[in-house]
Peer 1: 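Before anything else, here's the structure in question.
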Amino acid sequence: MPDTEKTAPSNFIRAIIEDDLASHKWSGRMATRFPPEPNGYLHYGHAKSICLNFGLARDYGGICHLRFDDTNPEKEEQEYVDAIIDAVRWLGFDWHEHLYFASDYFDRLYEFAKYLIAHGWAYVDSQTADEMRERRGSHIEPGEDSPYRNRSVDENLDLFRRMKAGEFADGVHVLRARIDMASPNFNLRDPVIYRIRHAEHHRTGNKWCIYPLYDYTHCISDALERISHSICTLEFEDHRPLYDWILDRLQPVIGWHPQQIEFARLNLTYVVLSKRKLIGLVEQGYVDGWDDPRLPTLIGARRRGYTAAGFRLFTDRIGVAKADSWIDMSVLEECMREDLNLVAERRIAVLNPVRLIIDNYPADRDELCHAPNHPLKHELGTRDVVLTRELWIERDDYMESPSKGYFRLFPGNRVRLRYAYVVECTGAEYDEHGGLIAVHCNYLPDTKSGTPGSDSVKAKGNIHWLSTTHAADAEVRLYDRLFNVPHPGADGRDYLLDLNPDSRQIISARIEPALMQAAAEQNFQFERHGYFVADRVDSRPDKPVFNRTVGLKDTWVKSA
RNA sequence: AGGGGAGUCGCCAAGUGGUAAGGCAUCGGAUUUUGAUUCCGACAUUCGCAGGUUCGAUCCCUGCCUCCCCUGCCA
């Protein structure tokens, strides 16, 4: 991480940490964790959490663990573990040796459960799931105690041991915390902490047939790792009393009790971040897979050309608080532009070509023009582009009858061919259907960029171009937002109805030869268009494929 | 017998009994061989509403309104 990266502004979590550090509350320790469940791909919302947890550790001289919350063998897979590790690393963070799995704690979790049973704080319930639900009560009435709630410690211990030994089928018994069936907080109405699942776990194989649940596992994992600040999203606020209840009981044997702090999860316009909806998009083929550049997954973002630094900037910019809020997609896009503007080398591509013929330029002439690779970083040098009599220019850089304020090519107007000469437009040719075939112009010989006096002739317009004899072809994928409304699926509408049918357009573009050797994942700015990246999956040297990451801001189309 | 949270500029978001940071967006203007970038300037007499306490309230008290979360053997 560059030192130049500014740290985030003050927020309530930083205030808590600063107080704790000042009061030496955690013996000076500062440790956070990012605790994904390996049951899917990480999305933009996770990026907020990752940047928050790792960023806090970085800024306060602490550490951030990467811990997989892998307590549900039926949903979790190694493939996801690997993808998550890649994604966190890609975002620029390092957990050093602190890579953990809740499943590594299964033995201790089991012992702690026996401790709870021995103290009368947990019991084996033998009701069916339906019976448990019926007795759970509701918002206006308390729950009823299970008929098994007062089994003896010995019987509970025996039953629990036999659950572990595999003597019972799935669902026959569960271990529950004995708290309060009348609590207004449902999480305290004797929550289940262990269930029987005869399923193979991606890490522990068939060693276990009982698996602990989240509420029981998470707090203990945090405590065992000596986490100081356990940061999670708002929906876990109601779980905090349970988190505290368990660690209070286990205080004598664990001796550490992290503080759970909740923040508002990310809501972003023009995308969906719910796992269910993302799965729907992938499985029903609306996108090409989990790494489709239009999907708000981190693997998709990476393929689209979004940068890790852009995500970090985004996280700092949106802040963190407890109020539900919606961030507009344009904020994320602007963060990407901001980073890309600094790092992306400039190149030329003509996406929608039409011929420009310089009538007074010799047909046999090849002239080198020098284009800087970056306007702000001269140390990045220049490259040569060849000027010839016949060029490709953008179709919309010519207007037969210019609208008000238009200052590109139209009969009688002058524009500068970027890095080359000023030309004066003389007219255009059309086919029998009125389609534009070619634009004609004459160049002004004394105006070549970089030569003395080249600025004597002023031209407000400045257009990019490529020699028709030297340009190469490349596939370019123009990505746009996946949905065309800010809140897909709002008010109960089917979110698929809000899909943007033009979220991807694949075209064949003209590119400058220097682009032919683009390395996978190399970011560029195609001048006057936007930021593009060589596709990390399909791009090949000599056969590059570019994805549009995000367009440049354009105050002209906005006013038009 | 309900419980837990949240409401400060268009979007985020600090702040806190002493008279509303910052960012983004927007609008002006300058610079510019990208209609980009950069730069400069403008941008909440007001903090969900109504009362109260106080010399003084966004902050404390009371009442109300709106929004979000909670009855998986998911996380």
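Here is how names work: the chains are called A, B, and so on, in the same order as the sequence lines, proteins then strands, and each is numbered from 1.
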Peer 1: Check every strand shown and say whether A:Glu37 touches a base, only sugar-phosphate, or nothing at a heavy-atom separation below 4.0 Å.
Peer 2: sugar-phosphate
Peer 1: Test for a donor-acceptor pair under 3.5 Å between the base of B:U34 and the side chain of A:Arg346, counting only N and O atoms.
Peer 2: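 Yes, the side chain and the base share a sub-3.5 Å donor-acceptor pair.
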Peer 1: In this structure, which one of A:Leu356, A:Val423, A:Leu387, A:Asp397 forms a side-chain contact (heavy atoms from CB on, under 4.5 Å) with A:Trp465?
Peer 2: A:Leu387
Peer 1: Return the 5'-most residue of the pair A:Pro35, A:Phe526 with respect to RNA chain B, ranking by each residue's nearest nucleotide.
Peer 2: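 Closer to the 5' end of RNA chain B: A:Phe526.
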Peer 1: For the side chain of A:Leu234, counting heavy atoms from C-beta on, which of B:G35, B:C74, B:G5 is nearest?
Peer 2: B:G5
Peer 1: Given 3.5 Å as the limit, does a donor-acceptor pair link the side chain of A:Ser146 with the main chain of A:Tyr148, or not?
Peer 2: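 Such a contact is found between A:Ser146 side chain and A:Tyr148 backbone.
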Peer 1: So, is A:Arg133 near the phosphate of B:G72, with a side-chain N or O under 4.0 Å from OP1 or OP2?
Peer 2: yes
Peer 1: What is the ring orientation for A:Tyr214 with A:Phe236, classed by angle as parallel under 30°, tilted 30 to 60°, or perpendicular over 60°?
Peer 2: tilted
Peer 1: From C-beta outward on A:Thr555, which listed nucleotide comes closest to its side chain: B:A36, B:U34, B:C74?
Peer 2: B:A36
Peer 1: Consider the side chain of A:Arg197, meaning its heavy atoms from C-beta on, and name the nucleotide among B:G4, B:U34, B:C73 that approaches it most closely.
Peer 2: B:C73
Peer 1: Please determine, for the side chain of A:Asn185, which listed nucleotide (B:U34, B:A1, B:G3) has the closest atom?
Peer 2: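 Among the listed nucleotides, the one closest to the side chain of A:Asn185 is B:G3.
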Peer 1: Phosphate oxygens OP1/OP2 of B:A1: is one of them under 4.0 Å from a side-chain N or O of A:Ser138?
Peer 2: no
Peer 1: Stacking between A:His139 and the base of B:C70 (centre distance under 5.5 Å, interplanar angle under 30°)?
Peer 2: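 Given the distance and angle limits, yes, they stack.
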Peer 1: Do we count A:Tyr214 as stacking onto B:A75 if the rule is ring centres under 5.5 Å and planes under 30°?
Peer 2: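 No, A:Tyr214 does not stack on the base of B:A75, since the centre distance and plane angle fail the 5.5 Å and 30° test.
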Peer 1: Establish, with yes or no, whether the OP1 or OP2 oxygen of B:C73 is under 4.0 angstrom from a side-chain nitrogen or oxygen of A:Arg136.
Peer 2: yes
Peer 1: Considering only nitrogen or oxygen atoms on both sides, find all protein atoms under 3.5 Å from nucleotides 12-15 of chain B and state each distance.
Peer 2:
{"unit_1": "B:C12", "atom_1": "OP1", "unit_2": "A:Trp326", "atom_2": "N", "d": "2.9"}
{"unit_1": "B:C12", "atom_1": "OP1", "unit_2": "A:Trp326", "atom_2": "O", "d": "3.4"}
{"unit_1": "B:C12", "atom_1": "O5'", "unit_2": "A:Trp326", "atom_2": "O", "d": "3.4"}
{"unit_1": "B:C12", "atom_1": "O2'", "unit_2": "A:Ile318", "atom_2": "O", "d": "2.5"}
{"unit_1": "B:A14", "atom_1": "OP1", "unit_2": "A:Val320", "atom_2": "O", "d": "3.1"}

Peer 1: Given 3.5 Å as the limit, does a donor-acceptor pair link the side chain of A:Gln525 with the main chain of A:Arg337, or not?
Peer 2: no
Peer 1: Can you tell me the distance, in whole Å, between the CZ atom of A:Arg416 and the C1' atom of B:U32?
Peer 2: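 Rounded to whole Å, this separation is 13 Å.
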Peer 1: Starting at CG of A:Leu266 and ending at P of B:C24, how long is that distance when rounded to a whole Å?
Peer 2: 19 Å
Peer 1: Using the ring of A:Phe101 (Phe, Tyr or Trp, six-membered ring only), decide whether A:Arg203 places NZ or CZ under 6.0 Å from its centre and within 45 degrees of its axis.
Peer 2: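 Yes; both conditions hold, so A:Arg203 lies above the ring face of A:Phe101.
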Peer 1: Taking Watson-Crick and G-U wobble pairs with both distances under 3.5 Å, convert RNA chain B into its dot-bracket string, 5' to 3', dots for unpaired and | for cross-strand pairs.
Peer 2: .((((((..(((.....[...))).(((((.......))))).....(((((..]....))))))))))).....
Peer 1: Which heavy-atom pair separates A:Ser126 from A:His173 by the least distance, and what is that distance?
Peer 2: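 Heavy atoms only, the tightest pair is OG-ND1, 2.7 Å.
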Peer 1: Take the protein atom CG of A:Asp396 and the nucleotide atom P of B:U34, then report the distance between them rounded to whole Å.
Peer 2: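 A:Asp396 atom CG is separated from B:U34 atom P by 17 Å.
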Peer 1: Counting only non-hydrogen atoms, which of residues 186-194 of chain A are less than 4.0 Å from RNA chain B?
Peer 2: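 Close to the strand are A:Phe186, A:Arg189, A:Val192.
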Peer 1: Might you work through the side-chain contact (heavy atoms from CB on, under 4.5 Å) test for A:Ile327 and A:Phe314, ending with a clear yes or no?
Peer 2: CA-CA 10 Å; A:Ile327 307 295; A:Phe314 175 69; 3.8 Å; yes
Peer 1: Pick from A:Arg418, A:Arg528, A:Glu527: which one makes a side chain to side chain donor-acceptor pair (under 3.5 Å) with A:His464?
Peer 2: A:Arg528
Peer 1: Yes or no on side chain to side chain donor-acceptor pair (under 3.5 Å) for A:Arg197 and A:Asn72, after CA distance, side-chain angles and deciding distance?
Peer 2: CA-CA 9 Å; A:Arg197 278 287 174 286; A:Asn72 188 345; 5.6 Å; no
Peer 1: Find the distance A:Lys458:NZ to B:G35:C1' and express it as a whole number of Å.
Peer 2: 17 Å
Peer 1: Below 4.0 angstrom from OP1 or OP2 of B:U37, is there any side-chain N or O of A:Lys553?
Peer 2: yes
Peer 1: Run the side-chain contact (heavy atoms from CB on, under 4.5 Å) check on A:Leu56 and A:Arg14 step by step: do they pass?
Peer 2: CA-CA 8 Å; A:Leu56 251 14; A:Arg14 284 173 178 264; 3.8 Å; yes
Peer 1: Please list, one pair per line, the donor and acceptor atoms closer than 3.5 Å that link side chains of residues 36-43 of chain A to other protein atoms, with sequence neighbours excluded.
Peer 2:
{"unit_1": "A:Glu37", "atom_1": "OE1", "unit_2": "A:Asn39", "atom_2": "ND2", "d": "2.9"}
{"unit_1": "A:Asn39", "atom_1": "OD1", "unit_2": "A:Lys275", "atom_2": "NZ", "d": "2.7"}
{"unit_1": "A:Tyr41", "atom_1": "OH", "unit_2": "A:Glu79", "atom_2": "OE2", "d": "2.8"}
{"unit_1": "A:His43", "atom_1": "ND1", "unit_2": "A:Gly45", "atom_2": "N", "d": "2.9"}
{"unit_1": "A:His43", "atom_1": "NE2", "unit_2": "A:Leu273", "atom_2": "O", "d": "3.2"}

Peer 1: Taking only N and O in the side chain of A:Arg528, is any of them less than 4.0 Å away from OP1 or OP2 of B:G35?
Peer 2: yes
Peer 1: Of the nucleotides B:G35, B:U34, B:A75, which one has an atom closest to the side chain of A:Phe236?
Peer 2: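 Of all the options, the side chain of A:Phe236 is nearest to B:A75.
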Peer 1: Could you give the CG-to-C1' distance, from A:Asp215 to B:C70, as a whole number of Å?
Peer 2: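 Going from A:Asp215 (CG) to B:C70 (C1'), I get 12 Å.
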Peer 1: Looking at residues 368-387 of chain A, who's got a heavy atom less than 4.0 Å off RNA chain B?
Peer 2: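 RNA chain B contact set from residues 368-387 of chain A: A:Pro375.
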Peer 1: A:Leu417 or A:Gln127: which one's nearest nucleotide on RNA chain B is closer to the 5' end?
Peer 2: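 It is A:Leu417, whose closest nucleotide lies nearer the 5' terminus.
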Peer 1: Taking all non-hydrogen atoms of both residues, which atom of A:Cys335 and which atom of A:Gly310 are closest, and how far apart?
Peer 2: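 In terms of heavy atoms, the two residues are closest at CB-O, 3.6 Å.
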Peer 1: Whole Å only: how far is the CG atom of A:Asn413 from the P atom of B:G35?
Peer 2: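 Result: 13 Å.
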Peer 1: Polar pairs (N or O, both sides) under 3.5 Å between protein and nucleotides 18-20 of chain B?
Peer 2:
none

Peer 1: Syn or anti for B:G4? Use the chi torsion, O4'-C1'-N9-C4 for purines and O4'-C1'-N1-C2 for pyrimidines, with syn inside 90° of 0.
Peer 2: anti
